[in-house]
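Just so you know, ligand 1 is whichever comes first in the structure, and atom 1 is the first atom listed for that ligand. The figures that follow rest on heavy atoms only: side chains count, while hydrogens, waters and symmetry mates do not.
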Amino acid sequence: MRIDVVSIFPEYLSPLELSLIGKARTTGLLDLHVHDLRTWTTDRHRTVDDAPLGGGAGMVMRPEPWAAALADVREAGRRTLEEPDAVPHLLVPSPAGVPFTQAMAHELADEAWLAFACGRYEGIDERVLDVAAEQGPVTPVSLGDYVLNGGEVAVLAVVEAVARLLPGVLGNPESVVEESHAPATGGLLEAPVYTRPATWEGRSAPDVLLSGHHAKVAAWRREQSLRRTAARRPDLLERLDAAQLTRADRAV
Ligand SMILES: CC(C)N1CCN(Cc2ccc(Cn3ccc4ccc(-c5n[nH]c(N)c5C#N)cc43)cc2)CC1
């Protein structure tokens, strides 16, 4: 997978050089390119923003640098992918975006080329997205109902959520099977986890986990997932249809 990120703070994306995502880059599983939007400015002050038309607080990111940057990103990606007609799926973090979910992470992990436009200030001139949408898919995404100062934190989260699903990135592919929001857990939250020592600071791990009885362990984890989901995310339970909840589940 190729990923391009355009930002006025490219160093904000440095964490993507670390850990498993960094290893995926060095082993070639992930081809990640970070670009500084100011490269595409033409004035002495390398200006990327201007006052909002119609008035209002803050500043808006000018369309010209973005249009030039995205055009060059498209050209560079086509050369690298050796596909002259290839276009990236452009993801634009925004407070007004579509909620980013694990399901979306799985969908994006199946794509060959993603590009991220990291806005700042009050956002990017809407015409940039309109022009980009004439070239290929554009999806404004939101991490959640809270306000950040820009798109970089969202890109770190989305890139990690997507890249970890790529074959070979995680040491144990089973890791993505039994986790919260994964299809295998039916969209429930994952059960509590424990490791050695069995007793720590006078606190013992649940005996069933030491029993070696796999069916009982599985049943305990299912019950814990249901209890935790009911307590923290009742909305997820409402989404599960009757077929997904067994009689035993409903007895919890
Ligand atoms: C009318 C006028 C007074 N309003 C004033 C408040 N404005 C809302 C507003 C507030 C802050 C920002 C800062 N910002 C710039 C680019 C950018 C990208 C993502 C996010 C972002 N925030 N939260 C998420 N989950 C995000 C994601 N993904 C935030 C971003 C951008 C926009 C909307 C306009």
Asker: Which atoms of ligand 1 are found less than 4.0 Å from any heavy atom of Tyr146?
Answerer: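 Near Tyr146, meaning under 4.0 Å from one of its heavy atoms, ligand 1 has 22 (N), 23 (N), 24 (C), 25 (N).
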Asker: Is the shortest side-chain N to carboxylate O distance from Arg62 to Glu64 below 4.0 Å?
Answerer: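 Salt bridge between Arg62 and Glu64, a charged N being under 4.0 Å from a carboxylate O: yes.
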Asker: Take every heavy atom of Ser142, measure it against each atom of ligand 1, and state whether any distance is under 4.0 Å.
Answerer: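 Distance cut 4.0 Å: Ser142 passes for ligand 1.
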Asker: Is the closest basic N to carboxylate O distance between Arg164 and Glu160 below 4.0 Å?
Answerer: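 Looking at Glu160 together with Arg164, the answer is no, because their closest N to O distance does not fall below 4.0 Å.
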Asker: Which part of Ala96 is near ligand 1, with near meaning a heavy atom under 4.0 Å away: side chain, backbone, both or neither?
Answerer: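 Ala96 to ligand 1: no contact under 4.0 Å from either part.
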Asker: Find all atoms of ligand 1 within a distance of less than 4.0 Å from any non-hydrogen atom belonging to Ala154, and give their numbers and elements.
Answerer: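 Those atoms are 28 (N).
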Asker: What protein heavy atom sits nearest atom 10 (C) of ligand 1, and how far away is it?
Answerer: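 Sorting protein heavy atoms by distance from atom 10 (C) of ligand 1 puts Val147 CG1, 3.4 Å first.
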Asker: Can a protein heavy atom be found under 4.0 Å away from atom 19 (C) of ligand 1?
Answerer: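 It does: a protein heavy atom is found less than 4.0 Å away from atom 19 (C) of ligand 1.
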Asker: Are Arg74 and Asp72 ion-paired here, with the side-chain N under 4.0 Å from a carboxylate O?
Answerer: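 Salt bridge flag = no for Asp72 with Arg74.
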Asker: Which is it for Asn149 and ligand 1 at heavy atoms under 4.0 Å: side chain, backbone, both or neither?
Answerer: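 The answer is the backbone of Asn149.
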Asker: Using a 4.0 Å heavy-atom cut-off, say whether Tyr121 meets ligand 1 through its side chain, its backbone, both or neither.
Answerer: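 Within the 4.0 Å criterion, Tyr121 contacts ligand 1 through backbone atoms alone.
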Asker: Could you tell me whether ligand 1 has any atom less than 4.0 Å away from a heavy atom of Gly97?
Answerer: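 Gly97 does not count as a contact of ligand 1 under the 4.0 Å cut-off.
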Asker: Looking at Leu189, is its backbone amide N or carbonyl O close enough to the side chain of Thr229 to form a donor-acceptor pair, meaning the two atoms are under 3.5 Å apart?
Answerer: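 Judged by distance alone, yes, a pair lies under 3.5 Å.
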Asker: Among all the protein's non-hydrogen atoms, which is closest to atom 22 (N) of ligand 1, and how far away is it?
Answerer: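 Looking at atom 22 (N) of ligand 1, the protein heavy atom closest to it is Leu148 N, 3.0 Å.
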Asker: Using a strict cut-off of less than 4.0 Å between a Lys/Arg side-chain nitrogen and an Asp/Glu carboxylate oxygen, indicate whether Arg233 and Asp235 qualify as a salt bridge.
Answerer: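 Here Arg233 pairs with Asp235 in a salt bridge, since their nearest N and O are under 4.0 Å apart.
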Asker: Is Pro93 touching ligand 1 with its side chain, its backbone, both, or neither, if touching means heavy atoms under 4.0 Å apart?
Answerer: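 Contact part for Pro93 vs ligand 1: both backbone and side chain.
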Asker: Check this for me: does any side-chain nitrogen of one of Arg120 and Glu152 sit under 4.0 Å from a carboxylate oxygen of the other?
Answerer: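 Between Glu152 and Arg120 there is a salt bridge, with a charged N closer than 4.0 Å to a carboxylate O.
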Asker: Under 4.0 Å from a heavy atom of Pro95: give me the atoms of ligand 1 that qualify, with their elements.
Answerer: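 Answer for ligand 1: 9 (C), 19 (C), 20 (C), 21 (C), 22 (N), 26 (C), 29 (C), 31 (C), 32 (C).
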Asker: Mind checking whether Val141 contacts ligand 1 via backbone (N, CA, C, O), side chain (CB onward), both or neither, at a 4.0 Å heavy-atom cut-off?
Answerer: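 Answer for Val141: backbone.
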Asker: May I ask you to identify the nearest protein heavy atom to atom 3 (C) of ligand 1, giving residue, atom name and distance to one decimal place in Å?
Answerer: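 For atom 3 (C) of ligand 1, the nearest protein heavy atom comes out as Ala57 CB, 4.4 Å.
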Asker: Check whether Thr199 reaches the backbone of Gly202 with its side chain - one donor and one acceptor, N or O, closer than 3.5 Å.
Answerer: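 It does not hold such a pair.
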Asker: So, the side chain of Arg38 versus the backbone of Thr47: is there a donor-acceptor pair under 3.5 Å, distance only?
Answerer: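 Side chain of Arg38 to backbone of Thr47, a donor-acceptor pair under 3.5 Å: no, none is there.
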Asker: Report, in ascending order of atom number, the atoms of ligand 1 lying under 4.0 Å from any heavy atom of Gly119.
Answerer: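 Per the distance check, 15 (C), 16 (C).
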Asker: Looking at CG of Leu166 and CG of Asp110, how far apart are the two atoms once the value is rounded to the nearest 0.5 Å?
Answerer: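 Those atoms lie 9.0 Å apart.
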Asker: Can you measure from NE2 (His35) to CG (Leu13) and round to the nearest 0.5 angstrom?
Answerer: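 Taking NE2 in His35 and CG in Leu13, the distance rounds to 10.5 Å.
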Asker: Please confirm whether Gly144 comes within less than 3.5 Å of ligand 1 when only nitrogen or oxygen atoms on both sides are compared.
Answerer: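 Yes.
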Asker: Nearest protein heavy-atom contact for atom 33 (C) of ligand 1: which residue, which atom, what distance?
Answerer: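 Checking every protein heavy atom, the shortest distance to atom 33 (C) of ligand 1 gives Glu122 OE1, 3.7 Å.
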Asker: Is a donor on one side and an acceptor on the other found under 3.5 Å between the side chain of Ser211 and the backbone of His213?
Answerer: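 Yes.
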